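Since the structure is predicted, the reported quantities are computational estimates derived from the model, not experimental observations. In what follows, every chain begins at residue 1, and chains take the letters A, B, ... in the order their sequences are listed.
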Amino acid sequence: MNQTPSAVIRMGHDLVRNLGHLPRDVAPTEIATHIAKFWEPRMRHELMAHVRLGDTDLHPLLVAAAEHFVDGDIDRNGVHKPSGG
Amino acid sequence: MTLVAEPDYGTPAVTSPSSATVTIDGRSITVPAGTSVLRAASEAGVDVPRLCATDSLKAFGSCRLCVVEIEGVKGTPASCTSLCTDGMVVHTRSEAVDQVRHGVMELYLSDHRADCPGCARGNCEIQALAVQVGVGEVRYGLGASHLDQTPDESNPYFAYDPAACIVCSRCVRACGEIQGTFALTVDGRGFASRITPGGTDFLSSECVSCGACVQACPTDALTEKRVVELGMPTRAVDTTCAYCGVGCSFRAEVTGPADDPSVVRMMPAKAGGANEGHSCVKGRFAFGYAAHADRQLRPMVRDTIDDPWRVVSWEEAIGRVASGFSAIQAEHGVGSIGGISSSRCTNEEVYVVQKMVRAAFGNNNVDTCARVCHSPTGYGLNHAFGTSAGTQDFASVDRCDVLLLIGANPTDAHPVFGSRMKRALRRGAKIIVADPRRIDLVRSPHVEATHHLPVRPGTNVALVNALAHVIVTEGLHDAQFIAQRCENGEDYLAFIAAPEHSPEATEAVTGIPAADLRAAARLYATAPNAAIYYGLGVTEHSQGSTMVMGMANLAMITGNLGREGVGVNPLRGQNNVQGSCDMGSFPHELPGYRHVSRADVRNIYESLWGVSIQPTPGLRIPNMFDAAIGGSFKGLFVHGEDIAQSDPNTAHVEAALRAMDLVVVQDLFLNETARFAHVFLPGTSFLEKDGTFTNAERRINRVRPVMPSRVGRDEWQIVCEIATAMGYPMGYAAPSQIMDEIAATTPTFAGVSFARLDAEGSMQWPVNDAAPHGTPTMHIGEFVRGKGALTPTVYVPTTERTSRRYPLLLTTGRILSQYNVGAQTRRTANSTWHPRDVLEIHPSDAELRGITTGDVVELASRIGATSLTAQVSERMQPGVVYTTFHHPVTGANVVTTENSDWATNCPEYKVTAVQVSVRTHAARAAYDQARDDSEAGAREEVSVR
Amino acid sequence: MRPVVWVPADAAAVAAGADEVAAAFAAAGATVRRNGSRGMLWLEPLVEIETPAGRIGYAACTPEEVAAVLEGSRESIGLVEAHPWLTYQDRVTFARVGRIEPADLTAYQLHGGLLGLRRALTLDPAAVVAEVTASGLRGRGGAGFPTGVKWETVRTAAGEVKFVCANADEGDSGTFADRMLIEGDPLSLIEGMTIAAYAVGAHEGFVYVRSEYPHAIAALRRAIAVATDAGILGASVLGSGFAFTLEVRVGAGAYICGEETSMLDSLEGKRGEVRAKPPIPALQGLFGAPTIVNNVLSLATVPMILADGGAAYAARGIGRSRGTQVFQLAGNIARGGVVEVPFGVPLRTLVEDWGGGTRSGRPVKALQVGGPLGAYVPATQLDLVAGYEELAAAGAMLGHGGIVVFDDTMDAAAMARFAMEFCAKESCGKCTPCRIGSTRGVEVIDRIRVGPPESRAAEVELLQDLCLTMERGSLCAMGGLTPLPVRSALTHFPEDFGGSR
């Protein structure tokens, strides 16, 4: 997947642009929850790899969302909420 | 005339709070007040002869055969136009009645062929009726007649023979009352009266070839050419159309041996819950592809995609698939393969495909073509209401006062429902059309939209926010509904009332004059019943899911949910896109839209299937492509979908397919994707399938085999055999068992079985103990999720912008006669109407570029370029061009981008910045086209061999 | 003082040269007024010179005679209003026709115009309908349906939108009263329609005029403009706050559009085709809304009924035929024109006293009463009195009051054939008995007339069967009445069909 690194970053930034209006304390969690619910683990791992490399093109909110993966404390109840396709 | 005589009560049923009891030939019957005497007689079992009356059309009173005597009424009134009143006494036989019927019949016969071929084959009612009313001899001798008139055979599917016409106007009325096209009329007066499609031939006329006229014709005057060619059918099978998401019920009428029958014609079923006896040119006539010579009937394999295909046995092909996938997983891991299920296939076929992926592949890498059409509907409606489906049945539109139609073109893409919408409009309902293009529902005969909001592609969310803003700031919202049935109301109202959402503020973005938008918002908000209908013009955007939530907001703040005549209604693209989503085709969901992370749900399947199911989502289709190019995804099972033609950014898709080790395609034809396949498994057409389709109104319809599988196996069996060969034994004795498993594991399907569907016709899910006969209208009293979720919908412009280099926006859509990538319709005479895709362009944009209709133009985006024939059209707004995508040669997706919906990755097909320039002027283009067509014909012949 | 000369602008007078005569009077320095026709058509152009004693008439005036007329040297017919043709009439509907200029609102009011409307506006709509019901007025288009009953149906029908339509598609042969009324006194039609609209709550009206009546169309449009300017039509009729507007719609030449439901189809912009009833137009008429469809004469009579009271009108007539009928004498007749008298007049009086017998001087053989679909009444039945029921009892019908006279050279079989041919030509083609039957009728009559004698009896039987089928089975009066002239010809003049009495 490293030949097209742009896909997950593009998708991540789509999330930032559409969820970034949420309050600062909510937005990263919401983005992380969405990723947990809809992204295949490989894609999440790839995003985290970019974060770890300190990719400066990444939006801070995306980096903040990735922190939730690092910490591994995604709200499982949030995933269960009937709030997604 | 249909093969199987369905009861015909002569005039439509009437609903009335009061009733009338009448006595007809001594029999007493009670009917709703306003029922015709003819219908009452039919219901009482009294057969009254009639020719111009049929219960799908309003009474007309022209044939004068159904005359009766009514006590206290002078003369012999027609029973079709006489209405029952309480205490009425009717005599359907008397000297006077018999005399009139005899006299009228004798007149008919005086202008009817004695050797009428229709009467001989049983497709014409005249001679049989003559016998019934006792006319043996015609005393009028040789007089003026129409027997030497020339038939009109211009339509590829049916012919009009004026010599057989009795001018009963059933065709004219069907065209108007049922179809709503008003293409037919009566020309001339008196004896010279003849039916005409507007003074030209049928093909050149406004006729949309829906077949309603042919069905309505009581004689041989309008007859399917196949009836003439093959003779009358000998048996019939009730089944469901496999084109769009309307899901029309048809009676397939066939002839020939049981093991190799020919379909003579498809007759729309009156009892069909979705279509109530109507049809369109696709379902009614375009079934010939199933018998087309291009059908591949034998499995084929090849080592590389540059090798020629080699026909093999089923065993070898299945073994090759199983061993290939197993080997890839052994080398690259469990997640290195996946499957794509098909919205063209039955629920049962889809269910086994996702089961194969989850149980045999051991991952969640299953997705479906809904990804590229209605995945935002699933996301948005689930988010707002708790169910990934539309809220109403189609009949709901009959109770609707204002229709808000956004990004859908039903008269082309969902024609049978489009006709129903037109009926609602003629009844007096109003319509607001939000569409970049001036579609037929903006203005066409007997249709005039109250407002057309020509929204600029990509700005839907700004539009819906502005509508909500007007409603809220002008106090037109339903505060009680919001308080009682919704959550987050205060936040949402505060959000939407902000001045940046006002129509004046968004006018520059959406291109919609603020005054028009305000008027439309008021109309929607103040209607007793207002309903939203939408299509891919909503979903296929970078904010598709946001827009779906925005429309749900609009319905919630006006209280337009939870009863008939209202709601939020997606018009589904494919016959079973609703069903394929219901069946767990998405990589994050098990059947019934339950997330894979839910252990309770996984447990149901794990215990039944005897496997463990991964709790994390699998890859979506575009993710699969990315992973393939990235090297971690190596094998793909593609079931009945032509991703190489239908998915965006063709070059990217082709690169992904080339990067895989094993691509398995199952399809009717060697499609574009098959060019990259290593194994080709022949599929079955809907005429060979046994199962169910679920339409846009959640209606589960039976699909019954009209003929045995032409490839030797059913598709669900093939999938089971692959799974079994991969070490996971899967098998069912019959597709009904698959539905039984679905019902046993999915609460919304708990009450569904083939036996019940066969007995009850069709059912709309949820079907369970709470709703044993299904659920036509959802969210009555309470939303499935409890309170409806009002969600602030922030407008985020797409990153796809026009520029000096790409100054126009391209948007795409369907045309009536063709269907999606055209795999079926291009292999029928439907191509007579639409032989190639065209690029519609506004006159001013065309003039600026020196383009005239017929020129071949280059269409270029940042992604790629293709060429198309231009059509200068006032339907377009300046700055926006439009094309259909039915022909592979068009390569519309060569230019589309990888932009997608932020939540679901549904591609942003509807917005691509492009430039258009003349490549070849019209005259030269016509010459080239003729040459290319003949060469293409030759090429196709080669490929068949 | 300039002499004041009245020269009719009626199309019949114009056809006889009235326009040229009027121009000549103007050139000679006279003040020319253009009235409607007095209805004495054999005298047209009938020029009238105002004198202190009244208007002196000069019959069949030519431009060359203008000077003689002005000098008083041309022979006159004396005071027009003293002419016995007029004095023996009882003009109600036609009271003003010929006496005033058609768009002269002042003259209209001097002769009783607007009294009816003014009174109506003071009454409750239901009371207006009651007055019409009390008058006994029946539809003058031919069907004779009680006007008040129809209005009451529309008045009580549910619906915000209702319409009033005047049927001026006067297509029957030998009829011209609608045209003469519209050309001579269009304001009475406008006033009648306005009363009707007020009575039922309609705010829009249409007059459907056949395209063959350009003079009537022009006269009506001019009168509507005058009435609108004067506030008789518009947002507040005579300041009452009641709104009513009126439009003229022109037909396209189909006889069948004189049938009320076809007329409604045509008004809606469709092919004029008969609608099955029910629903009746009073409940679902124009654009599906409750609609009054009345003949011109019915509507033009309403102002008088409202002005003088229903009882005054009902005092005239016989049996169930109340009031007056405007007869139109035409065909082979010495003195053709309009005769308005109470119902009950014997046909003989109309034909012989007013009409003066045939123009050819030969004996009368038959009359066709009620248009091309009316029965042939043989000379032996001239003592029949004119009334709806009275004529129906004799197998004939009054229709629109047209009487066409034939002398003894008439070939009844040819006329029977003409009836079928007319039906075949004018049938809308919707119902089978009319569409196919009329064509077959022509063929059968041809075979009776020229076929072998031995097959005649069978062909006559077939014709009788066909007549029965058309009469019983047709959707509208067109096919249903065509048997009337055919059968009456066959009954009264069998010898013309090769048979014997």
Side-chain angles (χ1 to χ4, degrees), chain B residues 34 36 51-53 58-65 67 69 74-78 80-83 95-97 99-112 138-146 166-169 172 176 182 185-194 426-428, chain C residues 252-257 261-262 270-280 288 420-444 446-447 451 455 458-459 461-476 478-480:
Chain B
S36 75
L51 275 171
C52 74
K58 282 188 262 182
F60 193 59
S62 80
C63 76
R64 315 312 286 175
L65 279 171
V67 292
E69 288 201 40
K74 69 176 180 186
T76 49
C80 63
T81 53
S82 299
L83 305 185
E95 180 280 325
V97 163
Q99 187 278 326
V100 173
R101 289 182 188 160
H102 187 283
V104 167
M105 211 56 235
E106 192 176 2
L107 287 171
Y108 273 128
L109 290 173
S110 74
D111 192 16
H112 195 74
V138 179
R139 296 172 290 171
Y140 288 107
L142 287 175
S145 82
H146 300 87
I166 59 167
V167 207
C168 64
S169 288
V172 178
F182 300 89
T185 187
V186 180
D187 187 38
R189 291 210 299 247
F191 193 74
S193 299
R194 279 302 98 165
R426 292 198 301 279
R427 163 178 59 76
Chain C
Y255 174 76
I256 197 61
C257 289
T261 62
S262 295
K270 298 176 188 161
R271 177 179 192 270
E273 197 175 86
V274 176
R275 300 178 186 174
K277 289 184 271 193
I280 55 171
M420 284 291 188
E421 193 184 357
F422 182 82
C423 182
K425 186 163 169 49
E426 297 293 352
S427 164
C428 78
K430 180 167 175 176
C431 76
T432 317
C434 179
R435 184 182 71 250
I436 305 179
S438 54
T439 291
R440 294 290 173 253
V442 173
E443 294 166 2
V444 173
D446 281 348
R447 288 202 295 274
S455 64
E459 297 287 8
E461 187 191 337
L462 177 57
L463 182 61
Q464 294 284 15
D465 278 1
L466 174 61
C467 283
L468 210 51
T469 303
M470 290 178 71
E471 180 181 65
R472 287 170 165 169
S474 292
L475 179 59
C476 82
M478 169 108 201

By a 4.5 Å heavy-atom criterion (distance strictly below it), what part of [X] contacts chain B: side chain, backbone, both, or neither?
{"X": "C:Glu273", "value": "side chain"}
{"X": "C:Cys428", "value": "backbone"}
{"X": "C:Ala458", "value": "neither"}
{"X": "C:Lys270", "value": "neither"}
{"X": "C:Arg271", "value": "side chain"}
{"X": "C:Arg447", "value": "side chain"}
{"X": "C:Ser438", "value": "neither"}

Below 3.5 Å, can you tabulate the donor-acceptor pairs from side chains in residues 461-468 of chain C to any protein atom, sequence neighbours excluded?
{"unit_1": "C:Asp465", "atom_1": "OD2", "unit_2": "B:Arg139", "atom_2": "NH1", "d": "3.0"}
{"unit_1": "C:Asp465", "atom_1": "OD2", "unit_2": "B:Arg139", "atom_2": "NH2", "d": "3.0"}

Under 4.5 Å, counting heavy-atom pairs only, tell me which of [options] racks up the most with chain C.
{"options": "B:Ser110, B:Cys168, B:Ser169", "result": "B:Ser110"}
{"options": "B:Val167, B:Val67, B:Thr185, B:Leu83", "result": "B:Val167"}
{"options": "B:Glu106, B:Arg101, B:Arg189", "result": "B:Arg189"}
{"options": "B:Ala78, B:Gly141, B:Ala144, B:Gly188", "result": "B:Ala144"}
{"options": "B:Val104, B:Leu51, B:Leu65", "result": "B:Val104"}
{"options": "B:Ala96, B:Gly143, B:Ala192, B:Gly190", "result": "B:Gly190"}

Test side-chain contact (heavy atoms from CB on, under 4.5 Å) applied to C:Met420 and C:Thr439, C:Val444, C:Val442, the passing residue: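 That would be C:Val442; it is the only one of C:Thr439, C:Val444, C:Val442 passing the side-chain contact (heavy atoms from CB on, under 4.5 Å) with C:Met420.
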
Salt-bridge contact C:Arg472-B:Glu95 (side-chain N to carboxylate O under 4.0 Å):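 B:Glu95 and C:Arg472: salt-bridged.
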
Atom group of B:Val186 that falls short of 4.5 Å from chain C, counting heavy atoms: both

For [Y], does its backbone N or O pair with a side-chain atom of [X] as donor and acceptor, under 3.5 Å?
{"X": "C:Ser262", "Y": "C:Cys257", "value": "no"}
{"X": "C:Ser427", "Y": "C:Gly429", "value": "yes"}
{"X": "B:Arg426", "Y": "B:Gly176", "value": "yes"}

Cation-aromatic face contact C:Lys425/C:Tyr255, 6.0 Å, 45 degrees: no

Pairwise distance OH(B:Tyr140) to CG(B:Leu107) - rounded to 0.5 angstrom: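 Separation between the atoms: 4.0 Å.
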
Heavy-atom check, side chain of C:Met478 versus side chain of C:Cys423, under 4.5 Å: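 SC-SC contact between C:Met478 and C:Cys423 confirmed.
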
